[in-house]
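Remarks on the structure that follows.
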Protein chains: 2
Amino acid sequence: MSTSKALPQPDREEIRVEAVLQALGEPVRLQIVRALADVPEGIACGEIELPVTASTRAHHLRTLREAGVLSTHTEGTRRISKLRREDLEELYPGLLSGVLAARR
Amino acid sequence: MSTSKALPQPDREEIRVEAVLQALGEPVRLQIVRALADVPEGIACGEIELPVTASTRAHHLRTLREAGVLSTHTEGTRRISKLRREDLEELYPGLLSGVLAARR
DNA sequence: GCACTTGTTCGATGATGATCGTACTACGAT
DNA sequence: ATCGTAGTACGATCATCATCGAACAAGTGC
């Protein structure tokens, strides 16, 4: 049960551009964001293939969450993350799509 | 005379998103970009009011230039910088406008 | 020539941050 | 209750980088 609790994140009006840009500027985190962009319904952190250990992964997810880039909620033992597309689009229209347009 | 020489910068296809985002993620550099956005014809570095010394300013301008965010050419003793709007828009459509849309 | 302006380069320093291993928590299943 | 799974938290280490001062470079003008 319980089975669904959201983790603390900034409200839309608390999101700062510098934090978002800095969060997106790290290669591993950008990789995470790209993976999330393909799955609107969200995805468990561990299912993203990354060249780092679990603890580093957790660190990056926290950074992205605290910057306001993604939201995370608990489902049982897994943590589902999804992009905060609407909030970002509202605050910085075009930013996310521009970033995702980058060649892979 | 001479009076006009361009400084080395990456070609459009050499620009990497991570570098651009990382460059934009620093507060002072973002301030520079915002200042440049208001002046399409370019502006001398020293004329932007910044809370750092001249050497730090030079460092940030170099970072932005090497990331591909701006171009610089020499005019006499001054160095005029301007945003590489077209290149950025072509590579990451919407990114720059999204960043500049952020509340000031 | 010399002085002045504009800006860069170099080296040092201090802060931030990416990474890891280990220990820990929470949940699910047996 | 015990085990296994998914993930976080902490502390340490190492690299990156923002910042500065001092020295240097290139133009302009007297």
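Here is the naming used below: chain letters follow the sequence lines, and residue numbers restart at 1 for every chain. Side-chain atoms are counted along with the backbone in the values below, which use heavy atoms only and exclude waters and symmetry mates.
- Regarding contacts with the backbone of D:dT19, every side-chain N or O of B:Arg57 stays at 4.0 angstrom or more from both OP1 and OP2.
- For B:Arg57, the CZ atom is densely surrounded, since the number of other residues' heavy atoms within 6.0 Å is greater than 12.
- A 6.0 Å sphere centred on CD of B:Glu14 holds more than 12 heavy atoms belonging to other residues, nucleotides or ligands.
- Put simply, A:Arg79 has a side-chain N or O that comes within less than 4.0 Å of OP1 or OP2 on D:dT8.
- Atom pair B:Glu18:CD and D:dT16:C1' shows a separation of 16 Å (rounding to whole Å applied).
- In this structure, CD of B:Glu75 is placed 14 Å from C1' of C:dG7, rounded to the nearest angstrom.
- Contacts of B:Gln22 with the nucleic acid, taken as non-hydrogen atoms under 4.0 Å apart, involve only primed sugar atoms and P, OP1 or OP2.
- Distances shorter than 4.0 Å separate none of the side-chain N or O atoms of A:Arg78 from OP1 or OP2 on C:dG28.
- Two different hydrophobic clusters hold A:Val69 and A:Ile80 under the rule that ILVMFWY side chains link at heavy-atom gaps under 4.5 Å.
- The environment of CD in A:Glu13 is crowded: more than 12 heavy-atom neighbours from other residues, nucleotides or ligands sit within 6.0 Å.
- Atom OG1 of B:Thr63 sits about 8.5 Å away from atom CD of B:Glu26, to the nearest 0.5 Å.
- Distance, A:Ile80 CD1 to D:dG7 C1': 12 Å, rounded to whole Å.
- The nearest whole Å value for the distance from the CG atom in B:Leu50 to the P atom in D:dA18 is 14 Å.
- Remark: side-chain polar atoms of A:Arg29 are paired, donor with acceptor, to backbone N or O of A:Ala23 under 3.5 angstrom.
- Spacing between atom CZ of B:Arg62 and atom P of C:dT8 amounts to 9 Å, rounded to whole angstrom units.
- Atom NZ in B:Lys5 sits roughly 17 Å away from atom P in C:dG7 (whole-Å rounding).
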- Residues B:Arg78, B:Glu47; criterion salt bridge (charged side-chain N to carboxylate O under 4.0 Å, His left out); working and verdict: CA-CA 10 Å; B:Arg78 357 187 56 191; B:Glu47 293 171 2; 2.6 Å; yes
- Item | Where protein sits on nucleotides 19-26 of chain C, one letter per nucleotide: B base, S sugar-phosphate only, - none, heavy atoms under 4.0 Å | BBB-----
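- In this structure, CG of A:Leu61 is placed 9 Å from P of D:dG7, rounded to the nearest angstrom.
- A:Leu64 has its CG atom 15 Å from the P atom of D:dG7, to the nearest Å.
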